[in-house]
Each structure stands twice: as C-alpha cells, then as structure tokens.
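Order of the sequence lines fixes the chain letters, A, B, ..., with proteins taken first and strands second; residue numbering starts at 1 for each chain.
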Protein chains: 4
Amino acid sequence: MLAGAPKFRRRKADRPGEIVQAALQVFSEKGFAAARLDEIAARAGVSKGALYLYFETKEDLFRAVVEQAIAPNIQAVRAMIAAHPGPFADLLRLVPERIAGLLETLPVGGVVKMVIGEAGNFPELARVWHDRLVAQALGAMTDAVAAAQARGEVKPGDPRTYAMQLIAPLLVGVIWRETFVPVGAAAFDVAAVARQHVETMLGGMLAEGARS
Amino acid sequence: MLAGAPKFRRRKADRPGEIVQAALQVFSEKGFAAARLDEIAARAGVSKGALYLYFETKEDLFRAVVEQAIAPNIQAVRAMIAAHPGPFADLLRLVPERIAGLLETLPVGGVVKMVIGEAGNFPELARVWHDRLVAQALGAMTDAVAAAQARGEVKPGDPRTYAMQLIAPLLVGVIWRETFVPVGAAAFDVAAVARQHVETMLGGMLAEGARS
Amino acid sequence: MLAGAPKFRRRKADRPGEIVQAALQVFSEKGFAAARLDEIAARAGVSKGALYLYFETKEDLFRAVVEQAIAPNIQAVRAMIAAHPGPFADLLRLVPERIAGLLETLPVGGVVKMVIGEAGNFPELARVWHDRLVAQALGAMTDAVAAAQARGEVKPGDPRTYAMQLIAPLLVGVIWRETFVPVGAAAFDVAAVARQHVETMLGGMLAEGARS
Amino acid sequence: MLAGAPKFRRRKADRPGEIVQAALQVFSEKGFAAARLDEIAARAGVSKGALYLYFETKEDLFRAVVEQAIAPNIQAVRAMIAAHPGPFADLLRLVPERIAGLLETLPVGGVVKMVIGEAGNFPELARVWHDRLVAQALGAMTDAVAAAQARGEVKPGDPRTYAMQLIAPLLVGVIWRETFVPVGAAAFDVAAVARQHVETMLGGMLAEGARS
DNA sequence: AATGAATGAGAGTTCATTCAT
DNA sequence: GATGAATGAACTCTCATTCAT
C-alpha cells in the first residue's frame, strides 16, 4: 500500500448497513418486541445512541431490515421470470434448484420467520413482502404452468395451486431449519428435496403425450 | 326468586380453560412479547390478578397455551397412524384430506405462527411441538411411504422427503392464511389444495405396476 | 368513633389530587422540562408508575396542574365581579385588598411563574389562563372603571389601562416573592402595597367632584 | 485569486457574540431545560461542537446570556439615576417613559421571562439580576421618592412601595406581551401606559402644596 | 478553529407481578 | 376466590458532551 494510504480510521462508510445486518440477526432470533436495542447496538459495534443517527425509531429500523431483505430476492425472482421458454419439464428442473440455492445463500430463513411471526403486528410489511416478492414469484410460476397447460404439456388443474405445490416443500424446508433443527430435529437438504420434488411433481403434472 | 331455580350465576367451572382460550387468541395475534396480560384478562372476562390464580407467570400461561394446543392434534395424528394398511393410494387419498379438515377446524393456524415466531425465544416449546406432534406425524407418514416402497407400490426415493413433500402444501396453505390473506392476498382452499396435491403426488410416486 | 369505623386503610380517596398537589410544587419550582417525575412521585408518596394510572403523560399532568389551579381563582373573580355597585372609591378600596388576600392564600405565585415561564412551550395553557381568568378579571375591572367614568366619578383615560395599573403592583408583588425573595431580597407586603396603591390611584383617578 | 484580495471569508470576528444572540432567542422562547444546543448552534450558524470552543457547558452559556443581557440595562439605570434633581413631577414624567422606550428597544421581555421562569433552577442568576439591576433601579426610584417626601413634594407613604407602584405596570406590560399577546390577547402600548400611569400616580402622590 | 459522528447517562413510559382488601 | 391499585425493573429514546479528523 502506498504512502498516504488511509491509516487506521473508523470506517463510517457503511454504518447503516452494519446496523441493519446486526438488527436482522437479532430481530430474526427474537422477533420485534423481544429484540433489545442494546443488543443490536452491541452486535453492530456501536453505542445505543448511534442507532438513532440512522433510524428514527425501533420500528423504523425493523422496517428497514425487512424491506432491504426483499431487494436481493427480487433480483432472483426477476431472473427466474426471465427464464427461457423451453419445455415445461426443462424449466421446472431448473427453477426449484435455483430457488433452493438462493434459500441457502441468502439469510432468507430468519426473515421469513420474522415476516410470519410479526405479520399481525406489522401488516404493512407482510403486504410489502407479498406484493413485491411472494406474489411475483408465485405469479410467474402460475403463468408458466398455465402456458404449459395451454401447450398441452401439463394436465388440467388449478395452475396457481400447482405453483404453490411446487414451492411449498422448499419453504417448509427453510422454516424447518429455523424452527426445529435448533432443537435437535434432522434438517432437510433443501436442494435434495427440490430435486426429488420436481421429479415427483413432473410425474404427476405432465400430460401423457408430454412424457420425456 | 324460587328456591332451586337455576341461578343466573357465572359459571366458574372452567376459568383456566377460558383464560387459555383468550390467551391463545392474543398470543397468536401478537406473539409472546407483544401480547399484554391486560388484554388476555379482558378477553377472558376476568381481572388481571385472576390470571395469577391459575398461572405462575406469563411464560407459564404461554406454555400452557402451546402445550394444550397440541392435544387435539395428537388425537388426529394417532387416528391417522392407526389408519388401515390398504394400498398406499387409498391411504394417501384419505390422509391429506383429513389433515386439511383438521387445519380448518382447529385454531392451528395461529399456533403454528406462534411456534414458528417464538421458536427462538422458547426452544423447549418448539421441541415439545416437534417431538410430540410434528415428528410423530412425519414419522407415521414416512413409515407408510417406506412400507409402500417395500411392497413395491412406490418408486424409490427418500421416504422422509416424500412425507414432507406431501404435507408441505397444507402447511403453507395455513401459514398463507395467517400471513398474507389478512393483507389482501387470495386464500388457498386447503381442502382443494389437498385433493389436487394428492393426485399429483400419486402420479409421481406410484410405481408403474401400482397404478390404479 | 364507633366500632366498624374505617381502620387504618390506604387512602386511595384522592390520589389524583395528591399527585396534582405534588406536581404543582415541583413544576412551579423547576418548570416543566426540569421537573422529574421521580420527584413528583416521591413527594406524592407514590411510585413513578402510579402517576400513569391517573395521567397519560407528563404533559397531561402538567396541564391538569395548570388547569385545576384556575378553578379556585375563578370563584374569587366571580365574587369580585358581583361586587356591589356603590361609589367607585368604595369598590376599589374593597377589591385590591380582597385580591391581595387571595394571592397570599392560594398557591398562585408558583402557578403564575409556571404560566409565564412555559407560555412559549404550552401556548394553549397561556390561552386558557388568559381567557378563563386573566381576561375575566381585567374585563370586570375595566367595566367597573368605565361605569364610574360614565357616572362622572373617574377622570377620562383608557379604562383597560386603568384596570391594569390597579392590578399590576399586586402581580409584581407576587412575582417578586417567587423570584427575588428566595435570593435575599426584601419581600413586599402585598396587602400593604394594595392599601397604599389604592389610595394613590384614587387620588389620581377620581374626578374633582367625586372626591370623598 | 489575487493577493490581498478581500477574500470572501466568513467573519469570525464575534462568534461568541453571535452564539449568545442565538442562545438568547432560544432560551427565552423555550426556557433553559427545553432549549436544545442543536437549535442554538443552527441559529448561530455554527456546528454544535463549536459552542464548546467558547462555553464550557450549557449552563455556562445560559449564564453568559443572562449576564450580558444586564449590561445595556445597567447603562440605562445609571443614566436614570444621574437624572437632574428638579421637581419630582418633572423627574417622574421623564423616567417612566424612558423606561418604556428601553423596554421596547431591548429584548428585555424574553430575558425577564427567563429570569422569572428559571429563578428556581438558577438562583444565583436571579440574585445577579436583582443585585445589579432591579435593586439598583428600585433603589434609585426609592431614593428619589424619599427625597421628594423630604422636600414636602410627595405625600407620606412607604417610598419603596411607591417606587414599585410606579414601575409595576411597565413590567406587567412587558410580561403581558411575552405571555398573552402570542395567544391572541390585545397588547398594551407600554409607552401609553407609562404616560397615563405617571399622571395618575402624580395625582395621588403629590402633596397639596406641590400640585403643578 | 471547526466539524459532526459518536457516546452514555438519564429521562419518560410500559407492563408483568404483587398484595391489601 | 377475586379484584385492581400499586409497584419497580427494564425498555426506548433524547441530548449535552466529547474527540478523531
């Protein structure tokens, strides 16, 4: 490093980001009400007062956490929506595994727990999650199923229900990891679940003539 | 007033039960920390002090709520486990619909939300739920799947994963109702989901020779 | 006292009244912002939390203090207004002394200090004091002066200003007692000031023909 | 840029003075405790930290404000004291109007409000105001009255009380302006009050033989 | 000299818990 | 058993003060 390089200096670059990170941890462990600002501040490595330099209230911080946790997932959903329009079986074999990958990468587990647990106290956050993320993803899947049905690839049946059937085990796998694994339950390998589930579902969804 | 007339007197028969009922409502709406004993007492129609005649602490009441919410479900699981050992397809066509019926009858939605949301704060309750209910139900399903595989009725594949695949959409339907329907999302008809899901899964699970 | 008389029992009769009393002391010593609820509670002999059984916020308590301090004075002003319509000199010799008596009886000094000091932060309280008390009293005096002028008893001049001239030394006497006496200044005997002031003012106000 | 050019540079000539000015505004609007250093700094056009370059603490700044607000008034009182020793009536006709002029010129209203409102919390400031300003002025008036009594110009009576009677309406006029005019009350024209009051008081104070 | 991000003690407020009645 | 007024510990939030830059 050259002379004149920034010496040891307090990085104030991404204080808000660090705080949101810490808050995500604590909120998803404890829920909104049981989370203490002391602990969030301590994990972020700042004083309690510093939180108020960036967020007006505890609720404000909570909202920031939940909302910013949507962003990376939206990218993923967009990518999925833009997926190639090949045969339905190909699409299906691709998508759930991709989702499984995301679920293991992003800290989505904790956030899902928070959204479910606090939906009653923060309905507007449940709405944001639904409108911007969940409904988008479910809608994209539904459209793909309906298109495949129109092409005669998929048996009759409610396409939105088909879409939900496809996603549900992945979601349950994540919730399971958050809820029961910490108390000793065996985890589900979400990727493995995805593979087996796609094959099973394909077996039940594909029309006779479309069998690979 | 006449002697022996059935006095219009408040039944104090099942005070604890009424309190647990009220507490179930409030806890499942708000979560543990945000629930206020004032409100529970008000909904139960008793004074705040009266709660302490039956429960030592707020946590104690919460535990009572979560634990007693297991009981009726355990019955259902027992019944399911005892189900007749006919062909797998028959069993499957029976079980999920029965579960769907339970999910709509019992106030299981709110409890599921609570258990998920408070698992971090009350791990022992998550454990109780897992050990006494979830693992039992999943284990029973797993055994049935494995048995059917042994009889050659069901394709190879991880039986525990199959079991989870079968249940997941029902669970997601319930969570969806608790989380997103109140903010305007369209509900899933859990019974209809169950019917479609069983047919789809059967299509993918049954071995060639076992097709009905 | 007969048997069955109430034994030693916690008087919960006038808790709010006792709290307001204590709050009046502390608020008038410290002002609104510097007053601490701890101290108010301590002086009222209750816990800090008990304040919130009767008042929603600190502001709420402050308002209650300032508003209830108006009531007894209003009585006095009413009585003064109803004063007999004899010659102006008789009226005047009566009124200021009566006011002086009130000023020494009621804890009006501290309240006046509060109203002046917090008028900027609680304008609605200044308004209430003005409308319900100060303007009433000043208006009554003004009317009496104007009536005496109409009868030719009092020299020309702005009657509202005359009214204020008459009251001002009493008010200053009270403010002086609150502000400078505690730091060593000699007090003014408000009653003596009232007597001397009335005579002086009468000497300057009465028309030639009305001299006694 | 040219050498010697009058750089467009912020005058840092009288930073302390500007800060005290700003602090005077805020303290007299809000009182000591409710005033925020943020706001004082903002109004002074400096950073919050800069305040501490000139004043050790908030109290220190407050003291500076109250003390420096005395200075200009002291000049006025000195001038009044040095007033010519003509007939009492001439003196009196001169002095109150001069005071009225001062009261409208200097920001004395806000300071008076502060001194009254914070006397309980800062008794030493009340003492400074009393000793250096109020007692001086009152003493000078008292001496003038006593001298006039000795010359037979003024009727018997307590000279200190006479002095207070003379000043009181002016003070009340100023307090009224600070307290009740902002909430809609009609103001008093302090100069007009002074004129009428002097004439009224002279009518009551002058001995028979001294009537002009 | 000057900044303003950061601190932390202290305030108002809430609410599970107690206890005299 | 039953009440509800009362408690006090613990929380969120504020703001005078500090200090690295």
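Base contact: D:K48 has a heavy atom under 4.0 Å from a base atom. Note on A:A33: nothing from the nucleic acid sits closer than 4.0 angstrom, heavy atoms only. At the heavy-atom level, A:L37 lies under 4.0 Å from the strands shown only through sugar-phosphate atoms. Within 4.0 Å of B:A41, counting heavy atoms only, lies no atom of the nucleic acid at all.
Between C:R132 and C:E67 there is no salt bridge, since no side-chain N of the basic residue sits under 4.0 Å from a carboxylate O of the acidic one. The residues A:E118 and A:K113 are annotated as not salt-bridged, no charged nitrogen and carboxylate oxygen being separated by less than 4.0 angstrom. Taking 4.0 Å as the cut-off between side-chain N and carboxylate O, D:R36 and D:E39 do not count as a salt-bridged pair.
Between D:Y54 and E:dA2 there is a side-chain polar atom (N or O) within less than 4.0 angstrom of OP1 or OP2. Taking side-chain N and O atoms only, C:Y52 has no distance below 4.0 Å to OP1 or OP2 of E:dT14.
Of the possible polar contacts, one joining the D:N121 side chain to the C:K30 backbone as a donor-acceptor pair under 3.5 Å is found. For A:W129 (side chain) and A:V66 (main-chain N/O), a donor-acceptor pair under 3.5 Å exists by modelled atom type.
Paired regions of DNA chain E, where each region holds three or more successive Watson-Crick or G-U pairs whose two hydrogen-bonding distances fall under 3.5 Å, are E:2-21 with F:2-21.
In this structure, C:D38 and B:F32 both approach DNA chain E, and ranking their closest nucleotides by distance from the 5' end singles out C:D38. If D:A34 and D:G49 are placed on DNA chain F by their nearest nucleotide, the residue sitting closer to the 5' end is D:A34. Nearer the 5' end of DNA chain F, as judged by each residue's closest nucleotide, is the contact made by B:A50, out of B:A50 and A:A50.
Here the C1' atom of nucleotide E:dT18 and the CG atom of B:L51 are 13 Å apart, to the nearest Å. To the nearest angstrom, C1' of E:dA6 lies 11 Å from CD1 of A:I19. Rounded to whole Å, the distance from CG on D:D60 to C1' on F:dT17 is 13 Å. We find that CD1 of A:I40 is positioned 11 Å from P of F:dC13, with the value rounded to whole Å. The nearest whole Å value for the distance from the CZ atom in C:F55 to the P atom in F:dA6 is 12 Å. Rounded to whole Å, atom C1' of E:dT17 lies 13 Å from atom CG of B:L53. For C:K58 and E:dT14, the NZ to P distance is 15 Å, given to the nearest whole Å. With rounding to whole Å, D:R36 atom CZ is found 13 Å from F:dC13 atom C1'.
Evaluation of the salt bridge (charged side-chain N to carboxylate O under 4.0 Å, His left out) rule for C:K48 yields C:D38 as partners, not counting sequence neighbours.
A parallel orientation is assigned to the rings of C:F32 and C:F27, their planes being inclined by less than 30° (bins at 30° and 60°).
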